[in-house]
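One structure below.
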Amino acid sequence: MSSKSHLPYSTRALNHPNPLTKKLFTIAEEKKSNVTVSADVTTSAELLDLADRLGPYIAVLKTHIDILSDLTDTTLTTLQSLAAKHNFLIFEDRKFIDIGNTVQKQYHGGALKISEWAHIINCAILPGEGIVEALAKTTEFPDFPAPQERGLLILAEMTSKGSLATGSYTERSVEYARRYKGFVMGFVSTRALSEVGAALSSDEAGNGADEEDFVVFTTGVNLSDNGDKLGQQYQTPESAVGRGADFIIAGRGIYKAEDPVEAVRRYRDAGWGAYLERVGGGK
Ligand code: S5P
């Protein structure tokens, strides 16, 4: 199985079968940015301010919407307008992890109405294949908004010390991604998983592994720290992209900086430079 990470985003966008992945690569190319900012602030004002100021420099804005102390419908509609204004996608880092019947209700409807405003969501596969199937099937509900603009990342590895998402757990993540690749865009992982995928037999769904092109989002990216006191472990944008990240996710390195706009530009330059290096500098 060949990884597509040596190819430019524009080439990967060209014939990509998943419309949201295609859009994501197109945005990255247009904005010359592979940065996802993890906007882990706790008020709507801070979140919307960051979205507006950092919006021009990012491909994706990642939220933990349930940490906002004052979430309203206006927060969500304004966030959507800012995503349209600055051309970025919204990734709600809800990490669904429950039986199918429950995650469908958490994703579509409920207090957070995630399906209405988040282009990208993620899940952990601890419950088994059913969680991926249930989330994918939610997009077939008659009142599901814009199924072409919704996608899932499987959390195949974690950056925290002692993470148990390793070995066969990570292999299963790749296997489930292949079975539901109409909805699964790729992974949150610390590296490209093409080697892990190669270790598996070509999948039962009959999808040729050579044809697949999953996106890798790598979190735990920071230009100045090695980690925090609660087990987070960091790597640099260069290291993450070198290991196969297509999109780098940085939180505190950007939003806690004295000047978050200056910081996001540094992460963008570092991430883009590493990407150009990886694809041979030709683009
Ligand atoms: O393995 C992971 C997966 C995720 S999504 N490790 C992580 O740190 N995350 C998330 O990335 C985490 O929930 C947080 O929102 C962000 C990292 O933030 P930072 O401030 O440490 O850059």
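In each ligand, atom 1 is the first atom listed, and ligand 1 is the first ligand listed. The shown structure was predicted, so the numbers you read here are calculated from the model rather than taken from an experiment. The first residue in the sequence is number 1, and the count goes up from there.
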Exercise for the section: Would you mind running through ligand 1 and noting each atom that sits below 4.0 Å from a heavy atom of M158? Expected result: 1 (O), 2 (C), 3 (C)
Handout entry: Parallel, tilted or perpendicular, as decided by the 30° and 60° cut-offs, for the rings of Y9 and W272
Key = tilted
Practice task
Measure up the Y107 and F183 rings against each other and bin them: parallel (under 30°), tilted (30 to 60°), perpendicular (over 60°).
Solution key: tilted
Fill in the blank from the handout: Short version for K256: what comes under 4.0 Å of ligand 1, heavy atoms counted, is neither
Exercise for the section: Counting heavy atoms only, name the option from N222, T159, T190 that's nearest to atom 1 (O) of ligand 1. Expected result: T159
Completion exercise
R252 heavy atoms within 4.0 Å reach ligand 1 at atoms 19 (P), 20 (O), 21 (O), 22 (O)
Fill in the blank from the handout: Applying side-chain contact (heavy atoms from CB on, under 4.5 Å) to P145 and not counting sequence neighbours gives H108, S115, E116
Exercise for the section: Measure the distance from atom 22 (O) of ligand 1 to every protein heavy atom, then report the residue, atom name and distance (to 0.1 Å) of the closest one. Expected result: G251 N, 2.9 Å
Problem - atom 8 (O) of ligand 1: the protein heavy-atom neighbour that sits closest, reported with distance to 0.1 Å - result: Q232 NE2, 2.8 Å
Problem - Candidate pair Q106 and D98, rule side chain to side chain donor-acceptor pair (under 3.5 Å), full reasoning - result: CA-CA 10 Å; Q106 290 172 324; D98 213 318; 4.8 Å; no
Completion exercise
Result for salt bridge (Lys or Arg N to Asp or Glu O under 4.0 Å) between D246 and one of R191, R12, K4 points to R12
Handout entry: Closest to atom 5 (S) of ligand 1 (judged by heavy-atom distance), picking from T63, I249, D93
Key = D93
Exercise for the section: Report yes or no: does a heavy atom of S38 sit under 4.0 Å from some atom of ligand 1? Expected result: yes
Fill in the blank from the handout: Closest to atom 13 (O) of ligand 1 among protein heavy atoms sits H64 NE2, 3.0 Å
Exercise for the section: Report the nearest protein non-hydrogen atom to atom 3 (C) of ligand 1: residue, atom name, distance rounded to 0.1 Å. Expected result: T219 CG2, 3.2 Å
List the atom pairs, donor and acceptor, that lie under 3.5 Å between side-chain atoms in residues 158-167 and the rest of the protein, sequence neighbours left out.
{"residue": "T159", "atom": "OG1", "partner": "Q232", "partner atom": "OE1", "Å": "2.5"}
{"residue": "S163", "atom": "OG", "partner": "A165", "partner atom": "N", "Å": "3.1"}

Exercise for the section: Distance to 0.1 Å, residue and atom name: give those for the protein heavy atom nearest to atom 14 (C) of ligand 1. Expected result: D40 OD2, 3.3 Å
Practice task
Just need the protein heavy atom nearest to atom 21 (O) of ligand 1, so name the residue and atom and give the distance.
Solution key: Y234 OH, 2.6 Å
